[in-house]
Amino acid sequence: MLVLGLETSCDETGVALYDSERGLLADALFSQIDLHRAYGGVVPELASRDHVKRMLPLIRQVLDEAGCVPTEIDAIAYTAGPGLVGALLVGASCAQALAFAWGIPALGVHHMEGHLLAPMLEENPPQFPFVALLVSGGHTQLVQVDGIGQYTLLGESLDDAAGEAFDKTAKMMGLNYPGGPEIARLAEKGVAGRYTFPRPMCDRPGLMFSFSGLKTSALNTWQHSVSAGDDSEQARCDIALAFQQAVVETLTIKCKRALKQAGMKRLVIAGGVSANKALRSSLEKMLGDMKGDVFYARPEFCTDNGAMIAYAGCQRLLAGQHESLAISVQARWPMEQLPPL
Ligand code: KG4
Ligand code: ZN
C-alpha cells in the first residue's frame, strides 16, 4: 500500500510517500522557522498561510523524487490533531480534496502517535510492548505502549512541556526560536558545576513532571548574572548546560521509574526533544546499566515530519480503518482515545 503523508500541525509542512512493502520512498519538509523567528515563536495565522503555499509544491517534489504518479497512491494520511487548528485544517482539506479527486481514502492521524511510531522507520525498530517518552514542544508524556492504539498514560507534565521549557529558557536569554537546539549548542561550551538547578518532582514518587519552576530558576539565575554585570556568552553557555542537565536527569529518573513500574526494558523516545544528544546518551547509559534498549528516530524524524504521518496512517489503513469526507481536526486530543488496531 502506497500512502501519501501530510503534516501541518504547527510550523513545518511535511510530505512523504511510504510504501508498506518498499518502505519510505521520499520525504520533504519546509520549515517555517525563519518566518516566525522575528516574533520569538509561532504565529498561527502566518503558519496556516504558509502551509497553503508550500503543500502542493512539496507533494509534487516527493512524487518526482519517488518516481511515482498520483494514480499509484492508494491512500492519504494527514495530521488531524493535536495542533494549531488553522494549520491542521490546511493539511486536512488538502488531503480530503486530493482523496476525493483521486478516488482514494484519506485518514486523519494523531500527531503524537506519528512521533511515537517514527522510530519504526529506522533499521532496528522496537518490538511491542515498550515504554515511550514523548517529548515535544507541546507534550511531555510517559506512555505504556502494548501495540498501535494500545496506550496507557503513565505520567505527563503538569505545566510546561520539556520542549516548551527549552524554548522559553532560550528566549529569556535572548536566543533564537526554537530554543531547544540553541540551548543544546550553547551547553556544549558550558562549564559544568557553575550552576545547579533543581530536578523537579524527583524527590517524591510518581511519574508526573513539572518544568515551569526549572524555567524560573534559569530566569532568576540569568537576571542575577546580568545585574552583576555578566551578560556574556559564557554565562549563557553555563546556564544552558545546567538547564539541560536538569531536564535530562529529570527525564532519565522518570523513565527509569516508568520502566520499572511497567516491568519493561525497552524505551522509545520521540518528539523534537528526543533529538537532544545529551538526553540520548543519558538514556542509553541508563538502559545499558539495566541491560535494556533505547530506540529513537534519526534527528530529522524526531521533529515534525511527513514520514511519521505516512507510516502511522499506513498501519491504520492496512488494518482497514477509514473515514468519511468530513474535514474535521482537533486542537486537543488525548492519545488514549485512539482505537486499537
Ligand atoms: O516534535 P516537535 O518538532 O514539534 C511539536 O510537536 O511540538 O518538537 C519541537 C520542540 C521544540 O520545543 C524544540 O525546541 C525542541 O523540540 N527541540 C529540542 C531539540 N531539537 C528540537 N530540544 C532540545 N534539544 C534539541 N536538540
Ligand atoms: Zn511534533
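All values reported here derive from a predicted model rather than from experimental measurement. Atoms within a ligand are numbered from 1 in the order they appear, just like the ligands themselves.
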Under a 4.0 Å heavy-atom limit, does [X] contact ligand 1 with its side chain, its backbone, both, or neither?
X: Lys277; value: neither
X: His115; value: side chain
X: Asp167; value: side chain

Could you tell me the residue and atom name of the protein heavy atom closest to [atom], and the distance to it rounded to 0.1 Å?
atom: atom 22 (N) of ligand 1; answer: Gly180 CA, 3.3 Å
atom: atom 21 (C) of ligand 1; answer: Gly272 O, 3.4 Å
atom: atom 7 (O) of ligand 1; answer: Gly137 N, 2.8 Å
atom: atom 24 (N) of ligand 1; answer: Asn276 ND2, 3.0 Å

Is it the case that ligand 1 has an N or O less than 3.5 angstrom from some N or O of [X]?
X: Gly271; value: no
X: His111; value: yes
X: Pro178; value: no
X: Met112; value: no

Give a yes-or-no answer on whether the side chains of [X] and [Y] include a donor-acceptor pair shorter than 3.5 Å.
X: Thr252; Y: Ser282; value: yes
X: Asp11; Y: Tyr177; value: yes
X: Asn305; Y: Glu12; value: no

Fill in: Shortest reach to atom 15 (C) of ligand 1 by a heavy atom, considering only Asp11, Asp304, Val273
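Residue with the shortest heavy-atom distance to the ligand atom: Val273.
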[X] side chain vs [Y] backbone, donor-acceptor pair below 3.5 Å:
X: Asp238; Y: Leu241; answer: no
X: Ser225; Y: Thr221; answer: no
X: His110; Y: Trp333; answer: yes
X: His51; Y: Cys10; answer: yes
X: Lys215; Y: Lys168; answer: no
X: Thr169; Y: Phe166; answer: no

Discussion item. I need the atoms of ligand 1 closer than 4.0 Å to a non-hydrogen atom of Gly138, numbered in the order shown.
Written reply: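 It comes down to these atoms of ligand 1: 7 (O).
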Item to complete: Please could you name the atoms of ligand 1 that Gly163 approaches to less than 4.0 Å, counting only its heavy atoms?
Response: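 Counting atoms of ligand 1 from 1, those under 4.0 Å from Gly163 are 12 (O).
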Discussion item. Looking at every heavy atom in both Ala192 and Gln245, which two are closest together, and how far apart are they?
Written reply: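 The pair with the smallest heavy-atom distance is CB-NE2, 4.3 Å.
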Discussion item. Atom NZ of residue position Lys285 - does it have more than 12 heavy atoms of other residues, nucleotides or ligands inside 6.0 Å?
Written reply: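 Not more than 12 within 6.0 Å, no.
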Worksheet item: Which angle, to the nearest 10 degrees, do you find at the Zn ion (ligand 2) between NE2 in His115 and NE2 in His111?
Response: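 The angle at the Zn ion (ligand 2) comes to 90°, rounded to the nearest 10°.
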Discussion item. Check for me whether Cys10 has a heavy atom closer than 4.0 Å to any atom of ligand 1.
Written reply: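 Cys10 does not count as a contact of ligand 1 under the 4.0 Å cut-off.
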Discussion item. Can you tell me if, anywhere in Cys10, an N/O/S atom lies at a distance from the Zn ion (ligand 2) that is smaller than 2.8 Å?
Written reply: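 Short answer: no, not a single N, O or S atom is under the cut-off.
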Worksheet entry | N, O or S atom of His139 closer to the Zn ion (ligand 2) than 2.8 Å |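 For His139, the answer is no, given that no N, O or S atom comes within less than 2.8 Å of the Zn ion (ligand 2).
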Worksheet entry | Proximal heteroatom of Asp304 relative to the Zn ion (ligand 2) (N/O/S) |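 Distance check against the Zn ion (ligand 2) picks out OD1 in Asp304.
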Practice prompt. Determine, for Phe295 and Arg266, whether the Lys NZ or Arg CZ falls below 6.0 Å from the six-membered ring centre while staying within 45 degrees of the axis.
Written response: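 No, a cation-pi geometry is absent between Arg266 and Phe295.
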